[in-house]
Amino acid sequence: MTSSKPASPLHYFGIRHHGPGCARSLLRAFESLQPDCILVEGPPEAEGLLSFMAHAELRPPVAMLVHANDDTRLAAFYPFAEFSPEWQALQWGVKHGLPTRFIDLPQAHRMAIDQAAREADEAKAEAPVETPLDDDETDKVPVSETVEAPEQEPVAAAALPDDPFDWLAHAAGYADGESWWNHMVEERGDGEDLFGAIAEAMTAVRAETPEDRRGQRAMEREQQREAFMRQSIREAVKAGHQRIAVVCGAWHVPALQGAATAKADAALLKGLPKLKVLATWVPWTYRHLTSASGYGAGIDSPGWYEHLWQQGHEVAGRTTGWLARVARLLRAHDLDCSSAHLIEATRLADTLAALRERPAPGLPELDEAVRSVICMGEQAPLTLIRERLTVGDRMGQVPAEVPTVPLQRDIEQAQKSLRLKPEATAKTLDLDLRQPNDLARSHLLHRLRLLDLPWGEITAGQRASRGTFHEVWQLQWQPEFALRIIEASRFGATVAHAASARVMEGLAAETSLTALAEQVDTVLLADLQVAVQAVTRALEDRAALTGDAVQLIGAVPPLANVFRYGSVRQTDSALLSHVLDSLIVRGAIGLPIACGALDAEAAEALRTRLIAAHDAVRLRDGEETTAAWRAALRAIAFSESAASLLRGVSCRLLLDDAQLDSDGASQQLARNLSSGAPPTEAAAWLEGFLNRNAMVLLHDEAVWSLVDGWLSGLGEEHFVQVLPLVRRSFADFSGADRRALGERARRGAAGGTASTATAAADWDETRAVLALPLLRELLGVKA
């Protein structure tokens with residue numbers, strides 16, 4: 001009598017994360033196997049989220065976010081697209097009501113290990129180094145970053161210089177492992193037979209690959225993960241399931257099928273530290289599925305993979321459908337793409353596939369056909385195609401019932417009420433601040449920026465001109481904002497409360513008056529009245545304790561912005577008027593002293609602040625402040641000890657404000673450009689006086705003559721010394737101004753007097769009279 005060994009209830013499906021071919025083959029295998037239990041590589045803490053899998057509002061791409069309860073720096077995202085094999089396995093399990101479990105090492109352990117390792121590394125970095133590292137310590141991988149992706153499976157690895165799958169790819173005639181795997185697996189759908197071949201290939205590759213290729217720490221983590229998976233598989237077998245489907249990264253299949261004992265696995269997992277973690281669903285984007293985004297298990301072309309998934313086994317539809325999408329995109333951007341283009345591109349793609357002995361065109365063949373036939377060799381349209389189609393701009397959606405923090409709920413409610421939908425693509429938003437809804441949108445965007453959630457960025461042109469009724473923003477939602485919202489939730493349950501609390505928390509450590517003044521401007525833009533009062537009070541306290549005139553005038557320009565467009569934003573600027581006036585008066589008193597004994601670099605830095613403060617004082621237009629400021633400028637302009645550059649700047653500012661007449665300016669010019677003045681100091685004064693504006697030279701004959709006479713009277717040695725300074729002064733003039741100055745210099749220092757005299761001497765009145773009749777007729781003037 002013979003006895004046969006009972007068939008194993010375990011069926012292993014080694015997949016590549018986000019592979020449509022793996023997903024299609026997996027579904028075919030499930031239809032044949034009809035499993036009664038599904039085990040998926042993933043965090044066990046997220047099993048509570050599987051109840052949302054059947055929810056109509058859960059639309060991929062989405063990600064499971066698992067983070068430590070007390071330290072949001074420890075977090076991990078597990079992204080899924082519709083074509084991800086794990087997503088399809090989970091959907092199958094939920095749809096058929098099967099026990100569906102995650103079997104990877106819990107993040108509660110992994111994050112605790114990472115935290116301990118990080119603390120050990122920090123302590124090691126702070127300790128004095130006595131001996132060099134041993135060889136076995138130099139290859140340790142860094143501790144996980146703030147947001148970490150699942151470990152990259154070597155199936156798709158491109159980060160390792162000696163990727164084992166590159167060896168297989170080169171043997172098959174492919175450039176790299178990525179293209180080889182894509183063609184051999186993702187563009188096919190062979191059912192369970194495919195996974196047997198994958199397991200066989202993995203066994204061979206792992207046998208030839210050193211276990212510690214990525215470092216001791218990474219090797220230990222991998223061993224712990226696989227030990228926990230084996231333990232979870234044993235528990236499923238013990239529960240009596242007859243057809244258990246194990247869906248995991250292809251790299252792990254040989255280890256899970258190996259002969260490791262339960263005792264050995266328990267020893268590997270004994271005593272692991274543990275943290276409390278939380279899990280939730282968050283929206284994801286195709287852009288963040290790419291390896292270029294830094295995602296460890298990323299892919300190159302999510303949009304193309306989605307197209308493969310939707311087309312299924314329709315090989316012809318892959319080519320024609322993709323080229324039709326290309327045509328729609330190009331036509332939407334006013335680029336020529338006719339039916340003839342598409343026909344020829346299809347023929348070329350098919351020909352290339354045949355030459356390369358492939359059953360159907362893949363993405364490389366289609367890209368080459370589009371470049372040659374449609375784009376005529378141009379790269380710019382291909383860049384557009386890659387961004388919008390090959391990668392794609394899809395963003396997922398999660399149900400409102402998903403567990404989250406109150407701050408997230410408040411943000412979502414604000415987005416809904418203000419009709420601001422988060423989108424993965426960049427979008428320009430022009431706000432009219434006279435409209436209540438647009439003003440509320442502006443407040444929300446500014447508040448989110450205070451919470452380190454830069455959903456919107458004000459355009460460069462808008463930053464330069466903020467006195468209009470419009471704000472122009474560039475909006476683009478990032479998936480990682482979900483984690484930042486969780487981090488910010490400790491400040492408050494609403495956006496307004498959280499932003500105010502975060503601002504006030506940072507006030508104690510802020511000592512710069514300029515930074516505090518800018519913070520006042522920021523919280524006013526966000527309409528946070530409580531924070532405005534707190535920051536203003538802090539600004540007053542710091543200003544009262546400092547006598548540094550440079551700091552005092554540096555804080556003036558940001559506050560002046562409030563008076564520049566406060567009425568547009570319906571803000572009350574009276575609260576800050578006395579603070580601004582105090583800063584101007586106190587800064588003006590100490591400024592003449594601060595301008596003395598400065599080197600060239602310090603004088604240049606103060607020049608920038610001086611001019612900015614001058615513009616702010618003019619904007620404030622207060623009688624007391626303007627008088628105090630002009631008195632300070634006079635003291636600097638006529639000083640003997642102030643830096644030459646600053647004396648020149650002050651003199652020019654007084655001239656522009658009509659506080660110094662032409663004769664007074666000429667006297668100062670003559671004094672500072674006299675033969676007794678050191679040439680370098682005279683050049684510095686001239687640079688400050690010209691102040692990057694050529695108008696005074698072009699339109700004031702006295703100034704021109706004095707500058708021209710000073711330059712002409714310099715000896716060769718002095719001229720060589722001052723030439724770089726003078727050249728720098730003139731380099732700041734516009735091209736038109738430099739041309740006008742050249743023309744005037746060519747005519748001579750007399751400003752054209754000699755030319756006029758010569759013209760008068762050559763004047764022939766009898767010839768000139770001959771033109772008068774025609775001129776009268778043209779002008780309609782009677783004789």
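From a predicted model like this one, the values you see are computed outputs, not experimental measurements.
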Set of side chain to side chain donor-acceptor pair (under 3.5 Å) partners for Thr404, sequence neighbours left out: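 Here no residue qualifies.
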Who pairs with Ser489 by side chain to side chain donor-acceptor pair (under 3.5 Å), at least two apart in sequence or on another chain?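 By the side chain to side chain donor-acceptor pair (under 3.5 Å) rule, Ser489 matches no residue at all.
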Just so I know, are the side chains of [X] and [Y] near enough to count as touching, which here means a heavy-atom distance under 4.5 Å?
X: Arg221; Y: Arg217; answer: no
X: Lys276; Y: Asp70; answer: no
X: Ile299; Y: Phe83; answer: yes
X: Arg394; Y: Pro61; answer: yes
X: Glu480; Y: His288; answer: yes
X: Leu363; Y: Ser301; answer: yes
X: Thr494; Y: Leu407; answer: no
X: Ile15; Y: Val247; answer: yes

Approximate separation, where rounding is to 0.5 Å, of [X] [atom1] and [Y] [atom2]:
X: Leu444; Y: Asp527; atom1: CG; atom2: CG; answer: 12.0 Å
X: Thr285; Y: Met395; atom1: OG1; atom2: CE; answer: 7.0 Å
X: Lys416; Y: Ile411; atom1: NZ; atom2: CD1; answer: 16.0 Å
X: Leu90; Y: Phe52; atom1: CG; atom2: CZ; answer: 14.5 Å
X: Arg328; Y: Arg388; atom1: CZ; atom2: CZ; answer: 13.0 Å
X: Trp477; Y: Lys427; atom1: CH2; atom2: NZ; answer: 13.5 Å

May I ask you to check whether over 12 heavy atoms, not counting those of Glu200, lie within 6.0 Å of atom CD?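 Counting other residues, nucleotides and ligands, CD of Glu200 stays at 12 neighbours or fewer.
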Is there a donor-acceptor pair closer than 3.5 Å between any side-chain N or O of [X] and the backbone N or O of [Y]?
X: Arg230; Y: Asp265; result: no
X: Asp36; Y: Arg243; result: yes
X: Thr100; Y: Leu98; result: yes
X: Arg441; Y: Leu418; result: yes
X: Arg447; Y: Ala526; result: yes
X: Glu41; Y: Ile103; result: no
X: Arg484; Y: Asp452; result: yes
X: Arg325; Y: His307; result: no
X: Ser417; Y: Ala414; result: yes
X: His241; Y: Pro9; result: no

Taking the ring centre of each residue, are [X] and [Y] less than 6.0 Å apart?
X: Phe80; Y: Trp284; answer: no
X: Tyr305; Y: Trp309; answer: no
X: Trp322; Y: Trp304; answer: yes
X: Trp281; Y: His55; answer: no

Evaluate the side-chain contact (heavy atoms from CB on, under 4.5 Å) criterion for residues Gln476 and Arg287: first the C-alpha distance (whole Å), next the side-chain angles of each, then the deciding distance (0.1 Å), finally the verdict. CA-CA 12 Å; Gln476 188 172 24; Arg287 184 167 58 86; 3.7 Å; yes
Is [X] salt-bridged to [Y], going by a charged N under 4.0 Å from an acidic O?
X: Glu82; Y: Arg59; answer: no
X: Arg409; Y: Glu412; answer: yes
X: Arg101; Y: Glu235; answer: no

Gln107 and its side chain to side chain contact (heavy atoms under 4.5 Å, CB included) partner, picked from Asp114, Leu275, Val66: Val66
Looking only at heavy atoms, which two atoms of [X] and [Y] are closest? And how far apart?
X: Cys248; Y: Val253; result: SG-CG2, 3.8 Å
X: Ala68; Y: Met111; result: N-SD, 3.8 Å
X: Asp104; Y: Pro43; result: CB-N, 4.5 Å
X: Pro85; Y: His18; result: CD-N, 3.6 Å
X: Ala236; Y: Leu39; result: CB-CD1, 3.9 Å
X: Ala81; Y: Ser84; result: N-OG, 2.8 Å

Intermediate values then yes/no, side-chain contact (heavy atoms from CB on, under 4.5 Å), Val62 and Gln397: CA-CA 7 Å; Val62 292; Gln397 178 181 320; 6.0 Å; no
Is there a ring pair (Phe, Tyr, Trp, His ring centres under 6.0 Å) between His17 and Trp87? Walk through the geometry before answering. CA-CA 10 Å; His17 301 306; Trp87 177 266; over 10 Å; no
Please work out which of the three classes, parallel, tilted or perpendicular, describes the rings of His11 and Phe13, given edges at 30° and 60°.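 Aromatic pair Phe13/His11 classed parallel.
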What's the verdict on salt bridge (Lys or Arg N to Asp or Glu O under 4.0 Å) for Glu86 and Arg16, showing C-alpha distance, side-chain angles and the deciding distance? CA-CA 9 Å; Glu86 302 98 321; Arg16 175 199 186 179; over 6 Å; no
Kindly indicate, with the supporting measurements, whether the criterion side-chain contact (heavy atoms from CB on, under 4.5 Å) is fulfilled by Leu269 and Gln224. CA-CA 6 Å; Leu269 301 172; Gln224 291 166 346; 4.2 Å; yes
Verify side-chain contact (heavy atoms from CB on, under 4.5 Å) between Thr390 and Ile385, making sure each step is shown before the conclusion. CA-CA 6 Å; Thr390 307; Ile385 293 169; 4.2 Å; yes
I'd like to know if the side chain of [X] pairs up with that of [Y] as donor and acceptor (distance under 3.5 Å, no hydrogens or angles considered).
X: His497; Y: Ser500; answer: no
X: His96; Y: Gln34; answer: no
X: Glu306; Y: Tyr286; answer: yes
X: Thr290; Y: Asp300; answer: no

